[in-house]
Amino acid sequence: MSETDPSTMTPAADGDVPYRYTSAVAGEIERRWQDHWEFKGTFATPNPTGTLAEPGADVAGRNKFFLMDMFPYPSGAGLHVGHPLGYIATDVTGRYRRMCGDNVLHALAYDAFGLPAEQYAVQTGQHPRKTTEENITNMRRQLRRLGLAHDPRRSFATIDPGYVRWTQWIFLRIFNSWYDTEADGGRGRARPIDELVAAYEAGERQTPDGRAWAELSDVERRRIIDEQRLAFVSESPVNWCPGLGTVLANEEVTADGRSERGNYPVFKRNLRQWMMRITAYADRLVDDLDRIDWPEKVKTMQRNWIGRSAGASVRFSTSAGDVEVFTTRPDTLFGATFMVVAPEHPLVEALTPSAWPESAKDAWTGGYATPGEAIAGYRAQAAAKTELERQADEREKTGVFTGSFATNPVNGERIPVFVADYVLMGYGTGAIMAVPGQDQRDWEFAERFDLPIIRTVQPPDGFDGKAFTADGPAINSANDEISLDGMAVDDAKTAIIGWLESKGTGEGTVTYRLRDWLFSRQRYWGEPFPIVYDENDLPVAIPDEMLPVDLPDVPDYSPKTYEPDAADTTPEPPLARVPEWVYVELDLGDGPKRYRRDTNTMPNWAGSCWYHLRYLDPDNDEQVVDPEIERYWMGPQPQRGENDPGGVDLYVGGVEHAVLHLLYARFWHKVLFDLGYVSSEEPYHRLFNQGYIQAFAYTDARGQYVPAEAVVEKVDDAETTYVYDGQPVHREYGKMGKSLKNVVTPDEMYEAYGADTFRVYEMSMGPLDVSRPWDTRAVVGSLRFLQRLWRNVISESTGEVIVADEPAGDETRRVVHRTIDAVRADMDALRFNTAISRLIELNNHLTKLDTVPREAAEVLVLMTAPVAPHIAEELWSRLGHSGSLAHEAFPVADPALLAAETVTCVVQVAGKVRDRLEVPPSVDEDTLRELALASEAVTRALDGRAVRKVIVRAPKLVNVVPG
RNA sequence: GCCCCCGUAGCCCAAUAGGCAGAGGCAGCAGACUUAAAAUCUGCAGAGUGUGGGUUCGAGUCCCACCGGGGGCACCA
């Protein structure tokens with residue numbers, strides 16, 4: 001670049017050092033190189049085919065590296081210094097991999113639908129599209145200034161019509177699929193719905209009521225098909241959040257029954273809503289966690305959320321028919337002394353006789369005259385409790401006898417059936433067999449209600465607890481046909497399941513905590529459903545060629561919200577307010593007809609379920625993604641192992657999406673895999689959770705936040721205090737936020753230090769996965785490093801390049817190559833903090849030389865490039881190279897220069913260092929032992945004691961152990 | 001209550017496989033430059049690794065208990 005001639009640089013005002021690397025110089029260099037990269041398309045990544053293919057590019061011959069950040073949400077507040085942390089880290093990795101020869105795919109798109117955008121728009125009175133697009137523009141500007149090496153051609157936003165179209169298209173593929181549980185050897189697979197219809201038509205599948213397919217009416221057939229779709233409308237208990245005016249997925253509701261966003265109460269209501277059959281994939285979602293490289297913590301969270309547990313269902317006969325229970329401990333059946341059903345269990349009424357049986361104990365009836373009153377009273381009480389009260393820890397067990405008995409299938413015992421709210425309708429069958437001897441909850445209930453306790457596992461001697469839940473030999477567990485006595489728990493389970501199955505009273509089953517995904521929201525700012533309803537009120541897909549279905553303009557896009565605890569309210573979608581949009585005449589095959597549109601919108605997770613695919617092939621309007629391009633970037637990589645599921649090579653983001661986005665995206669991806677649209681079975685092969693940048697905030701005596709940047713630290717002998725405006729203030733540690741008055745923005749950092757310094761600082765603060773406090777005062781250290789680097793190459797007084805063209809000295813060479821070796825290892829492992837300290841070390845070494853040899857300076861500049869790309873480009877260019885260094889080879893260490901000429905051997909006596917020896921690295925143990933024993937310092941330390949033992953770890957250590 | 005992660009200098013953090021506790025940075029101190037200050041440069045000092053046990057010739061690293069911080073799960077049968 002011709003403009004890098006030093007004469008074009010304006011000397012700084014500082015008289016002595018007119019060519020020092022200052023923030024002003026940095027700013028000038030950074031903007032210039034950012035323009036250069038954009039103009040030259042430096043980071044345009046070639047695809048193997050399609051619009052982004054490049055004729056001469058070596059795509060197949062290079063290693064590919066697909067790198068992704070978690071989707072940013074363009075907030076109206078703009079960025080603070082915490083936001084770019086992950087983006088810088090992925091940028092460093094991408095730049096490093098590119099210099100290592102990889103074809104690197106890295107871009108950034110925007111997740112722009114959703115509640116915050118809608119709320120921000122409501123606040124500002126503007127259309128969400130307008131505010132969202134402005135926010136994206138602002139964020140793009142802030143991020144561009146960081147110098148991220150993204151391929152700008154691959155950026156997009158989820159609200160783009162060209163993107164919405166494919167989101168809706170994927171929805172329709174899910175809608176037009178069913179899960180064939182028999183496929184792939186019982187693992188199951190999604191298949192096109194037409195194949196299900198064909199199977200019914202061919203008589204290969206039975207209709208639910210046994211009638212022939214041909215005898216059914218069109219509506220009857222559609223109902224049968226509709227309820228088997230992977231996306232289906234269902235009337236079922238859902239999470240209704242009046243405060244937000246929408247229903248929510250289980251994943252969006254916290255353990256204490258509130259909305260994750262906004263913290264409003266959530267109520268269970270029966271409503272007709274779209275569901276996604278994620279439960280069909282429960283096993284694969286659990287099993288395939290073993291095939292991907294994710295933090296164990298996130299895998300655990302997903303496993304917990306899916307909550308697979310193996311056990312048995314067992315039917316107990318009652319006067320109301322069989323009641324099915326789920327148990328993980330079928331081995332303890334002989335110890336089942338009562339049964340409990342949830343208050344909401346559908347058989348409760350049928351189980352309630354008109355009068356108490358004679359054997360009913362006083363404790364069981366709750367003092368009510370009849371079972372009917374008792375049950376009604378208990379149910380009312382249970383319903384009035386909040387979720388939190390129901391789940392409160394160490395709560396006394398409550399419940400009431402139904403008045404009925406069930407028969408234990410293993411021994412014919414008549415056992416009482418209770419209703420109690422410690423049994424949850426939402427798990428298993430909502431009914432349990434209670435085995436107090438082996439279950440602490442059942443034990444507590446049995447004590448409270450005076451019920452018998454039979455141990456069926458022998459606790460060890462000295463066991464003084466109540467329920468015994470560990471392994472041990474079975475006891476008291478035999479009938480005329482089978483005896484479990486003496487068996488360990490696992491064997492007993494297998495044996496009893498076999499017996500139950502032979503009797504037809506039970507079978508081995510697996511249950512899951514995971515529920516189907518509630519997919520509709522009653523909000524404005526989301527993707528409309530590409531669905532209309534006909535005169536039968538049955539859903540009909542909008543044909544692909546009519547996509548996207550655009551959002552209509554509405555008079556009021558703010559949702560209808562209610563008092564947070566107004567449980568009996570009903571969701572009212574904003575789209576329903578535009579009848580001219582809702583009612584349409586369409587020709588969907590049977591001539592023009594009037595249809596009613598679905599007025600829900602998709603949750604904002606929809607867009608992030610497949611955005612990894614759009615990066616690959618962002619312009620494609622023929623297919624969701626070209627299969628060849630998908631295979632190249634995401635397909636299975638045999639070198640990673642035989643059973644590699646493929647996926648993004650590195651995905652960096654916070655841990656907060658562990659069971660939301662990351663579960664939903666895996667689900668969608670597997671559906672697309674089953675249907676043959678992608679070759680990868682998992683979307684994200686390697687996941688890395690970055691830590692957060694935290695900050696201090698300060699409150700005054702009234703508890704009000706004061707501006708953090710104006711707080712002064714006072715250090716006395718004993719304690720540190722903080723003062724604002726002469727008054728002591730209290731320091732707290734946490735997030736950065738406007739209301740906390742502690743926000744520091746990237747723009748301030750660019751202005752005061754430049755983007756490179758900011759990047760170096762963020763990367764050197766600590767390991768990427770650890771959260772740490774922001775400290776503006778410490779940023780200067782990173783500026784000093786870059787200044788010294790600059791000074792090693794450029795004269796501060798003349799602006800001339802001052803490196804020497806003579807070869808480097810031996811010692812400098814060794815330092816350089818040891819640094820290369822260490823930096824590569826650190827970069828490969830995403831340890832940018834230690835990589836930077838190595839660079840600083842080398843830089844400091846060069847600073848001490850009279851003249852800096854070119855060979856060392858160039859290596860250092862190249863290695864600094866991933867983390868501080870602008871200054872590196874500038875120095876590289878001034879060192880006489882034309883063009884960008886973005887594709888230069890990252891330095892490779894010469895193994896011959898890695899071995900030290902001598903090593904320091906530490907000589908210990910009784911573990912304490914007493915002497916040091918300079919020895920060749922190849923020194924053998926015997927020589928070292930002799931050298932150590934000959935040491936005067938050792939003799940002195942031994943002080944006449946005999947030598948018991950000498951431990952030699954050549955070449956670094958000898959430990960002399962006195963007798 | 002159960003499970004997981006983390007505690008190293010005033011602060012942020014290093015320390016291959018158990019083998020010299022310190023790589024790097026901030027702050028501090030001294031000196032240089034300056035009329036002075038800032039900036040910059042040079043140099044210096046600073047902890048025995050949260051606590052108590054144990055294993056070992058040797059423990060920041062391994063084991064046990066506890067304390068402190070963070071996170072996950074939580075009547076899931």
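All chains are named by letter (A, B, ...) in the order of the sequence lines, taking the proteins before the strands, and each is independently numbered beginning at 1. All figures in this text were calculated on a predicted structure; none of them were measured in a lab.
Here A:Arg777 does not reach the OP1 or OP2 of B:C12: none of its side-chain N or O atoms lies under 4.0 Å away. In this model, the phosphate group of B:G25 is approached by a side-chain N or O of A:Asn844 to a distance below 4.0 Å at OP1 or OP2.
Pairing for B:A74 is absent, with no Watson-Crick or G-U wobble pair whose two atom distances lie under 3.5 Å. Base pairing of B:A23: no nucleotide in any strand meets the Watson-Crick or G-U wobble criterion (both distances under 3.5 Å). Judged by Watson-Crick or G-U wobble contacts below 3.5 Å, the nucleotide B:A14 has no partner. Judged by Watson-Crick or G-U wobble contacts below 3.5 Å, the nucleotide B:C29 has B:G43 as its partner.
Evaluation of atom-type donor-acceptor distances gives a pair under 3.5 Å for the side chain of A:Arg916 against the base of B:C20.
Here A:Glu447 pairs with A:Lys466 in a salt bridge; the nearest charged N to carboxylate O distance falls below 4.0 Å. Ionic pairing of A:Arg315 and A:Glu507 is present here: one or more N-O contacts between side-chain nitrogen and carboxylate oxygen are shorter than 4.0 angstrom.
Note on A:Ile951: a base of the nucleic acid sits closer than 4.0 angstrom, heavy atoms only.
In this structure B:G48 sits in the syn conformation; its chi angle is within 90° of 0.
Taking the ring axis of A:Phe696 as reference, the NZ or CZ atom of A:Arg731 stays within 45° of it and closer than 6.0 Å to the ring centre.
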Apply side-chain hydrogen bond (donor to acceptor under 3.5 Å, both in side chains) to the pair A:Tyr422 and A:Thr398, showing each step before the final yes or no. CA-CA 8 Å; A:Tyr422 81 95; A:Thr398 62; over 6 Å; no
